[in-house]
Number of protein chains: 2
Amino acid sequence: METLGHHYIVEGSGCSAEVISRVEAVEQIMVRAAEVANVQVWAISFHRFSPNGVSGVVVISESHLSVHTWPEEGYVALDIYTCGEKAKPEAAVQHALKAFGASNMHITEVTRGLDEKDKSYFHSMITWEETIPDNILNHRPRRRRRVTRRGRTRLTASSSS
Amino acid sequence: METLGHHYIVEGSGCSAEVISRVEAVEQIMVRAAEVANVQVWAISFHRFSPNGVSGVVVISESHLSVHTWPEEGYVALDIYTCGEKAKPEAAVQHALKAFGASNMHITEVTRGLDEKDKSYFHSMITWEETIPDNILNHRPRRRRRVTRRGRTRLTASSSS
């Protein structure tokens with residue numbers, strides 16, 4: 001079975017404290033994000049913790065979505081990790097951050113489950129930052145790519161804007 | 001509340017197919033990893049998926065542990081993300097990979113929820129690779145550190161072996 005997966009690790013800033021403090025709202029946004037990602041949901045677990053904040057996960061086949069919120073800081077730590085060619089994890093990231101009301105996000109996309117046909121698995125990474133305009137979907141960020149493998153590090157910068 | 005968190009993203013190779021194909025075994029290992037990490041468990045959700053493999057998460061305060069397994073490949077995609085000064089995420093990683101029977105691991109440690117007192121959050125990363133000797137706990141890997149922030153990228157190499 002295909003091991004390749006796309007894992008978005010996101011720090012979202014400037015979020016709506018009102019939205020990200022409510023467990024029902026956060027759960028609804030993350031379940032909708034799973035639908036946007038076009039993945040099959042296996043289990044959902046969301047919790048409010050003291051004195052403030054929400055922690056939750058959506059378990060999907062071979063991967064997951066998770067979020068942890070700090071309402072007083074306007075901050076969310078979001079993970080969206082999907083496997084399979086039909087999944088749309090980046091669309092799910094955009095949906096969730098827009099719904100949280102984020103104004104800025106720092107993202108690393110980790111490509112997981114890579115191998116060189118020797119069953120020794122590794123990951124590669126791309127990191128970028130976005131400020132969120134009126135319509136985030138029309139925003140094309142600057143990206144930096146890094147691939148690490150067995151001590152070798154290649155760093156290339158490319159602008160897609 | 002403190003936003004700082006340590007998130008270990010791990011590709012584990014050479015794992016025991018017999019261990020990582022059994023949902024009960026994988027769940028037990030991950031719950032024990034949470035104990036080793038010294039964190040409070042809020043919820044547990046583990047599932048076997050067809051034709052093979054296990055997906056599961058342990059939700060803890062402000063963060064989570066997750067694993068996805070590919071028994072026929074001897075591969076696990078492991079995440080251990082903890083907040084708080086008392087947490088020991090690296091010990092949990094070592095416990096889980098040893099229990100899965102991994103012979104090799106590729107790790108990125110993401111330090112999440114960093115800011116410069118402006119409520120604009122970002123993460124930094126360190127990536128390394130380890131082969132697992134008889135006692136993994138005595139193995140000190142070579143590390144590479146990268147800090148990314150607003151388009152700036154610094155890359156430094158250091159040996160801790």
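Naming convention: chains lettered A, B, ... in sequence-line order (proteins, then strands); numbering from 1 in each chain. This is a predicted model, so every value here is computed, not measured. Because only heavy atoms are used, hydrogens play no part in the values below, and waters and symmetry mates are left out as well, while side chains stay in.
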> Which bit of A:Ser66 is near chain B, if near means a heavy-atom gap under 4.5 Å: side chain, backbone, both or neither?
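For A:Ser66, the side chain is the part near chain B, not the backbone.
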> Please state whether the side chain, the backbone, both or neither of B:Ile60 comes within less than 4.5 Å of a heavy atom of chain A.
backbone
> Go through the atoms of A:Tyr81 and report whether side chain, backbone, both or neither lie under 4.5 Å from a heavy atom of chain B.
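Contact with chain B is through the side chain of A:Tyr81 alone.
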> Please walk me through it: do A:Thr127 and B:Met125 pass side chain to side chain contact (heavy atoms under 4.5 Å, CB included)?
CA-CA 10 Å; A:Thr127 296; B:Met125 287 175 283; 3.3 Å; yes
> Atom CD of residue position A:Gln28 - does it have more than 12 heavy atoms of other residues, nucleotides or ligands inside 6.0 Å?
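Not more than 12 within 6.0 Å, no.
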> Output the option from B:Ser63, B:Ser55, B:Gly12 having the highest count of non-hydrogen pairs under 4.5 Å with chain A.
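The candidate making the most pairs under 4.5 Å is B:Ser63.
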> Quick one: of A:Val54, A:Val57, A:Val67, who has the most non-hydrogen atom pairs under 4.5 Å with chain B?
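Answer, by heavy-atom pair count under 4.5 Å with chain B: A:Val57.
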> I'd like to know if the side chain of B:Ser45 reaches the main chain of A:Ala43, judged simply by a donor and an acceptor atom lying under 3.5 Å from each other, with no hydrogens or angles considered.
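Side chain of B:Ser45 to backbone of A:Ala43: no pair is present.
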> Using a 6.0 Å cut-off, check whether atom NZ of B:Lys119 has over 12 heavy atoms from anything other than its own residue.
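For B:Lys119, atom NZ is crowded (more than 12 foreign heavy atoms under 6.0 Å).
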> Taking every non-hydrogen pair under 4.5 Å, which of B:Val110, B:Val59, B:Ile44 racks up the most with chain A?
B:Val59
> Would you mind checking which part of A:Leu114 comes under 4.5 Å of any heavy atom in chain B, side chain (CB onward), backbone (N, CA, C, O), both or neither?
neither
> Is any side-chain heavy atom of B:His7 closer than 4.5 Å to one of A:Asp79?
yes
> Are the side chains of A:Met105 and B:Tyr121 in contact, using a 4.5 Å heavy-atom criterion?
no
> When you measure from the side chain of B:Arg112 to the backbone N and O of A:Val10, does any donor-acceptor pair fall under 3.5 Å?
yes
> Measure the shortest side-chain to side-chain distance between A:Glu73 and B:Asp115 over non-hydrogen atoms and say whether it is less than 4.5 angstrom.
no
> Could you check whether A:Thr108 and B:His123, counting side-chain N and O atoms only, form a donor-acceptor pair closer than 3.5 Å?
yes
> Against chain B, work out which of A:Gly113, A:Gly74, A:Ser61 has the most heavy-atom pairs shorter than 4.5 Å and name it.
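Among the listed options, the one with the most contacts to chain B is A:Gly113.
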> Which region of B:Glu2, side chain (C-beta onward) or backbone (N, CA, C, O), has a non-hydrogen atom less than 4.5 Å from a non-hydrogen atom of chain A, or is it both or neither?
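Contact with chain A involves the backbone of B:Glu2 alone.
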> Is there a chain of hydrophobic side chains (I, L, V, M, F, W, Y, each step under 4.5 Å between heavy atoms) that links A:Phe46 to A:Val36?
no
> What are the two closest heavy atoms between B:Ser120 and A:Glu129, and how far apart are they?
OG-OE2, 4.4 Å
> Is the side chain of A:Trp42 donor-acceptor paired with the backbone N or O of B:His47 at a distance under 3.5 Å, no angle test?
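Between the backbone of B:His47 and the side chain of A:Trp42 there is no qualifying donor-acceptor contact (under 3.5 Å).
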> Counting C-beta onward and ignoring hydrogens, is there a side-chain heavy-atom pair between A:Ile9 and B:Ile9 closer than 4.5 Å?
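They are in contact (side-chain heavy atoms under 4.5 Å apart), so the answer is yes.
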